[in-house]
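What you see below is based on every heavy atom in this structure, not just the backbone, and it leaves out hydrogens, waters and symmetry mates. Indexing begins at 1, ligand by ligand and atom by atom, following the structure's order. Not measured: the values here are computed from a predicted model.
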Amino acid sequence: MPNTDFKRLIRPHLLQLEHFSPADPPEEQARRAGIPEEEIIRLNANENPYGPSPKVSDAVAQVDYSIYPDPEQRRVREAISDFTSIPIERLIVGAGSDEIIDLVFRLVMELGDQIVDSDPTFGMYRFDAAVNGVETVLVQRDDAFELDVKAITSAIDKRTKVIFICSPNNPTGNVASHEQIKALLDTGLLVVVDEAYWEFSQQTVAPMVYDHDNLIVLRTLSKWGGIAGLRAGFGIMNPELINRLFGMKQPYNITTATEAAVIASFEDADYLNCNARKIVSERERMIALLSDIEGLEPLPSGGNYVLCKLATGRAKPVFHDLATRGIFLRNFSSPRLKDCFRISVGRPNETDIVITALKELV
Ligand SMILES: Cc1ncc(COP(=O)(O)O)c(C=O)c1O
């Protein structure tokens, strides 16, 4: 057999790629904790504790898997359009909003280009930047983790093409204002506003797409819709960009099961909105309970999660002690968040178990 030097074949900028750290599946968490899977408290991935609409499984059961999905995504875009009032020519659906982020990178970025990202935030923007050989200029959010618009605009240079804003921001919960987004749009660069959690804040900049061709808004069915496993997200932007993305995406990028699930979800939006309201009120209850724990400070949040700050050096041991009890939260290694963890909002009984454990451990 010839001896191939694979390293020589790999694109040089990918040789140093730092891996994204995604959430492990529950069976792996259970194995690690040595606890049966049904006893795991999984509050590390911002999933929906109430799951999908019951209509999703019925709809998916009717799908004929032998037929390819519609490459133009007509029915599913119509369903989204009916619900959001966004015209179909401004919509594209992806295998999760992650796929749309990836497509945007591949549409506009060349090796050596730059994005501006506001730290701390969702890691996917800088990960995709690295995959595409694009440099990420990290601007720090302020002490309350609010956007620093002045610092973002000062960080722009001739290589900058896209500004990424996550709102509500994962993991800090901050919601960007219309004024902040407007100021960024005035730079003329592409501004991607990731609204994966907007249903838990009810604040959106989506209507601004009509007046701003450089705005891309991202949404997902993974949080509000509870179908993270089926992979469905969508992008809202000007029709020219939509056409370009359709021209370059994989023709069958979402499955027929995903199409059916998205349509059924929007048909049952009242049910999902009701669950979103339950999650918001549970978030506020959890914040109140967390505030009573000495040595722990929960931050306000517009998402389905709460970031908690602990005393220096305490987050790591508490996080690990919780994991040995089968309670999984999200921790961070970055300098600004090393003393924090994020708790996804679960069902009330899960909140109670976490609060009891935190009272003992913090
Ligand atoms: C801010 C943000 N955007 C996008 C995603 C990914 O969403 P999807 O499951 O639609 O790819 C996540 C997932 O956690 C997220 O937190």
> Do Leu296 and Arg314 have side chains that get closer than 4.5 Å, going by heavy atoms?
Replying inline: no
> Would you say the ring centroid of Phe319 lies under 6.0 angstrom from that of Phe341?
Replying inline: no
> Under 4.0 Å from any heavy atom of Gly96, which atoms of ligand 1 are there?
Replying inline: 8 (P), 10 (O), 11 (O)
> Any idea which part of Asp98 is under 4.0 Å from ligand 1, heavy-atom wise: side chain, backbone, both or neither?
Replying inline: both
> In terms of residue, atom name and distance, what is the protein heavy atom nearest to atom 7 (O) of ligand 1?
Replying inline: Ser97 OG, 3.1 Å
> Nearest to atom 12 (C) of ligand 1, what protein heavy atom do you find, and at what distance?
Replying inline: Phe122 CZ, 3.4 Å
> Looking at Thr220, which atoms of ligand 1 are within less than 4.0 Å of one of its heavy atoms?
Replying inline: 7 (O), 8 (P), 9 (O), 10 (O)
> Would Thr204 and Arg219 count as having a side-chain donor-acceptor pair, cut-off 3.5 Å?
Replying inline: yes
> Applying a strict 4.0 Å limit to heavy atoms, is Asp194 in contact with ligand 1?
Replying inline: yes
> Are Phe105 and Phe164 close enough that their ring centers fall under 6.0 Å?
Replying inline: yes
> Any N/O of Ser222 closer than 3.5 Å to an N/O of ligand 1?
Replying inline: yes
> Where does Arg231 meet ligand 1, judged by heavy-atom distances below 4.0 Å: at the side chain, the backbone, both, or neither?
Replying inline: side chain
>> Over 60° means perpendicular and under 30° means parallel, so tell me whether Tyr305 and Tyr197 are parallel, tilted or perpendicular.
In response: perpendicular
> Which one holds for Cys166 and ligand 1: side chain close, backbone close, both close, or neither close, with close meaning a heavy atom under 4.0 Å?
Replying inline: side chain
>> Could you check whether Gln29 and Asp24, counting side-chain N and O atoms only, form a donor-acceptor pair closer than 3.5 Å?
In response: no
> Just checking, is any N or O donor in the side chain of Thr121 or Ser118 under 3.5 Å from an acceptor N or O on the other one?
Replying inline: no
>> I'd like to know whether ligand 1 has Lys223 as a neighbour, heavy-atom separation below 4.0 Å.
In response: yes
